[in-house]
Structures are given as C-alpha cells and as structure tokens.
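Keep in mind the model is a prediction, meaning the values are calculated, not measured.
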Amino acid sequence: MASLFRVAFFLFLGLMVRASQAQLCPTFYDESCPDVSNIVRRVVQQALVSDERAGARLIRLHFHDCFVNGCDGSVLLEDQPGVVSELAAPGNANITGFNIVNNIKAAVEKACPGVVSCADILAIASVESVNLAGGPCWEVQLGRRDSRRANLQGAIDGLPSPFENVTQLKRKFDRVDLDSTDLVALSGAHTFGKSRCQFFDRRLNVSNPDSTLNPRYAQQLRQACSSGRDTFVNLDPTTPNKFDKNYYTNLQSNTGLLTSDQVLHSTPGEDTVKIVNLFAASQNQFFESFGQSMINMGNIQPLTGNQGEIRSNCRRLN
C-alpha cells in the first residue's frame, strides 16, 4: 500500500512540475532581466524614427509565430542544417522586421546574456509597438523558450490568408483555441501598417467589382496600384500610423482593404458583425478586448521550463 502511495505521489508531483513549467507570468524576468521591457521599447522607438511601419512589422511577426506550433520564435528561423524555414510559406510572403528583432536581441543580450528568449522578445515588442502608436498596454505573459525546429507545412496550412472568408478564418482561429472575439480583435491590428496591392487587387476588377468595397475607395486603390502589384497601400486609409478603432469604422463604410478584413462586417448572419459594431462604437472596448486577445494568442502552446532553448541569435539555432 505504501509503495502504491509513493508511486501516486510522484506521479502527482510530476504532473505539478509539468503544469508549473507550462505557466507563463508577467514577472518572469523581474530578477534575471528587470529592464527588458524598457530595453525593447527603446529599440522600437529608434526603429520608428526611420521606419513608420516598424511596429506593424513586429506585431505581424508575433502573430505569424504563434499560429504555427505556438509562440516559440520559429518564424524567425532561416534555412540551416536540420531546419527548413517557415518563411517559404505563402502566408509569410514579404514578412519583414528581422533587422529590428536582431537589434532588440543584441541590446537585450548586452544587458542580460542568455536570459530572454526570442519568442518573448516578439511578445514584448508587440505591446510596445502598439502602445507607441497610441494603443493600449496589457500585461504580457513571459517565460517562453525558443523552438529548435520550424514547421513549413504548418505555416502553409495554418496562417490566415488575406483572401479568406469568415468561415475559413474562424476555422484557423479555432485550431489554436481562439474564438470570434479574438478573430475580430486581433484583426484590428490592421489599424496600422501597409499591404502590397497583390494581396487585394483582385477586388478591383472593373468588370466584376467586389460589391463589399466602397466604389470611391476602389477607384482610389486602382490609382494607387497602377504603378504595380508590389506597391504598398495603407491598411487604414484614415489614420494609417495610429492604433485606434478606425479599422472598424472603415469596415462599416466598406473601406476595409483586405477581403479578410471586410468579410468580418459584410457577411450576413455572422457573429463577427456584432463584434465589429461593438468595437466601432467604443475604443475602450476594442482596447480591452485586443489586450486580452493578445494574451490569449500569446498562450498558444509555449515552450517552457527546460524545453527548447534561449537562442543567442534569433535567426539560428545555438
């Protein structure tokens, strides 16, 4: 009986250890790297001086990281022995911001060598980028470790596409345990940044125009894209570099840039319509929901404890 008790006790202890390792917390670096958030913020501020899209680049990296194998820094890995990068996936086409991540990592390593993961750097850089653009802060959960592998097929299958409808988007969010509120709130990150014409110009067909696209806005886009499909256009035509609720009021007036944006409000019967209207009516509600959804996304399958590693170079395995 005593031996059975000991076995049960150690099984319970093992489960408790695994559970504790899986927990992220906002105070993870309070002793080991207490100034990490300020360090990240300073580098993001420096990047914004010469690149107005710096914040949008960083939050996109965090999104695309979390949707493939969880928030583990795998999106940052380049091709190398034993690793086939996720960057060849169509959803990662033209993804940028690696130079900013490299600069952040260098500054953090100088202060706290071998302590802060690249996955956590993306999470911290996201909140700092949003706040520097006038958006909210939220309590970033920390303690992630970096993956030693990438998942190209996972990126091909799992990343949301700018061409998808609500059903397709919901399916991909559901795979990572995110709901309709998360979908609409996180899509609100398109309140800043830009997109290339190639990701929306099929909506501009003159002979068969997208009925959910404001005709006057469509004409403006045709003119902007006349110089080529690689031309960049603001995701938010009203306040392109400010993090605010205008993304949602744009959807109400049929001036969402991407198909995946506009369908959130233009698909009859979908619960996303009511959520768009809620956020359009209240910036405080949007900010509160966005912060919670960022926390929810940041909790997708993190590596913790002794899993993975703390990369010294975010682009390559140690």
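Between R171 and E164, no side-chain nitrogen of the basic residue sits less than 4.0 Å from a carboxylate oxygen of the acidic one, so the salt-bridge criterion is not met. Checked for salt-bridge contact, R144 and D65 miss the test: no charged N lies under 4.0 Å from a carboxylate O.
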| query | Step by step, would you call Q252 with N277 a side-chain hydrogen bond (donor to acceptor under 3.5 Å, both in side chains)? | reply | CA-CA 8 Å; Q252 289 177 323; N277 291 337; 3.0 Å; yes
| Step-by-step side-chain hydrogen bond (donor to acceptor under 3.5 Å, both in side chains) determination, E86 to S74 | CA-CA 8 Å; E86 296 168 10; S74 61; 2.7 Å; yes
| Stepwise side chain to side chain contact (heavy atoms under 4.5 Å, CB included) test for F200 and L213 | CA-CA 11 Å; F200 61 83; L213 183 61; over 6 Å; no
| task | Determine, step by step, whether E288 and N284 satisfy the side-chain hydrogen bond (donor to acceptor under 3.5 Å, both in side chains) criterion, reporting the C-alpha distance in whole Å, the side-chain angles of both residues, the deciding distance to 0.1 Å, and the verdict. | result | CA-CA 6 Å; E288 181 180 336; N284 288 337; over 6 Å; no
| task | Begin with the C-alpha distance, continue with both residues' side-chain angles, and end with the deciding distance and a verdict on side chain to side chain contact (heavy atoms under 4.5 Å, CB included) for V101 and L58. | result | CA-CA 8 Å; V101 175; L58 290 167; 3.8 Å; yes
| task | List the steps and the verdict of side-chain hydrogen bond (donor to acceptor under 3.5 Å, both in side chains) for N38 and D35. | result | CA-CA 5 Å; N38 290 328; D35 203 35; 2.8 Å; yes
| field | Verdict with reasoning, I124 to I39, per side chain to side chain contact (heavy atoms under 4.5 Å, CB included) | value | CA-CA 10 Å; I124 299 169; I39 295 170; over 6 Å; no
| task | Please report the C-alpha distance between F98 and E78 in whole Å, then the side-chain angles of each, then the deciding distance to 0.1 Å, and finally whether the side chain to side chain contact (heavy atoms under 4.5 Å, CB included) criterion is met. | result | CA-CA 10 Å; F98 301 104; E78 59 190 8; over 6 Å; no
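The only option from T212, N254, N214 that meets the side-chain hydrogen bond (donor to acceptor under 3.5 Å, both in side chains) definition with Q262 turns out to be N254.
In the hydrophobic clustering of ILVMFWY residues, with side-chain heavy atoms under 4.5 Å counting as a link, L159 and F199 come out apart. Cluster membership check: V116 does not share its hydrophobic cluster with L317, using side-chain heavy-atom separations under 4.5 Å among Ile, Leu, Val, Met, Phe, Trp and Tyr. By the criterion of side-chain heavy atoms lying less than 4.5 angstrom apart, applied directly or through intervening Ile, Leu, Val, Met, Phe, Trp or Tyr residues, I156 is not grouped with L77; the two fall into different hydrophobic clusters. When the side chains of ILVMFWY residues are joined at heavy-atom separations under 4.5 Å, either directly or via intervening members, V184 and L235 end up in two distinct hydrophobic clusters. L303 and M297 end up in different hydrophobic clusters when Ile, Leu, Val, Met, Phe, Trp and Tyr side chains are linked at under 4.5 Å.
Contact of the F279 side chain with the Y247 side chain is not registered, since no non-hydrogen atoms from C-beta on lie closer than 4.5 Å. Side-chain contact check for S195 versus L258: some heavy-atom pair is nearer than 4.5 Å. Between K170 and T272, the closest side-chain pair of non-hydrogen atoms falls below 4.5 Å. Two residues are said to be in side-chain contact when any heavy atoms from C-beta on lie closer than 4.5 Å; T167 and E270 meet this criterion. A heavy-atom distance below 4.5 Å is found between the side chains of F243 and F287. Looking only at side-chain heavy atoms (C-beta outward), L122 and L76 come within less than 4.5 Å of each other. The shortest side-chain heavy-atom distance between L178 and L183 does not fall under the 4.5 Å cut-off. The side-chain heavy atoms of N250 and D236, taken from C-beta on, include a pair separated by under 4.5 Å.
In the displayed structure, R175 atom CZ is contacted under 6.0 Å by more than 12 heavy atoms of other residues, nucleotides or ligands. Counted within 6.0 Å of CZ on R42, heavy atoms from surrounding residues, nucleotides or ligands total more than 12; the atom is thus considered enclosed.
Remark: side-chain polar atoms of N205 are paired, donor with acceptor, to backbone N or O of N208 under 3.5 angstrom.
Here the shortest heavy-atom pairing between F286 and K245 reads CD2-CA, 4.1 Å. Across all their heavy atoms, R315 and Q80 have their closest contact at O-NE2, 3.1 Å.
Atom CG in D179 sits 7.0 Å away from atom OG in S293 (nearest 0.5 Å). In this structure, CG on D174 lies 12.5 Å from CG on L169, to the nearest 0.5 angstrom.
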Side-chain donor-acceptor distances from residues 221-229 under 3.5 Å, at least two apart:
| residue | atom | partner | partner atom | Å |
| --- | --- | --- | --- | --- |
| R222 | NE | L204 | O | 2.8 |
| R222 | NH1 | Q219 | OE1 | 3.2 |
| R222 | NH2 | L204 | O | 3.4 |
| S226 | OG | Q223 | O | 2.7 |
| S227 | OG | T231 | OG1 | 2.9 |
| R229 | NE | D201 | OD2 | 2.6 |
| R229 | NH2 | Q198 | O | 3.2 |
| R229 | NH2 | D201 | OD1 | 3.1 |

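With sequence neighbours excluded, the residues that form a salt bridge (charged side-chain N to carboxylate O under 4.0 Å, His left out) with D51 are R57.
Within the structure, the disulfide bond (SG atoms under 2.5 Å apart) test picks out the following pairs touching residues 283-318 (sequence neighbours left out): C118-C314.
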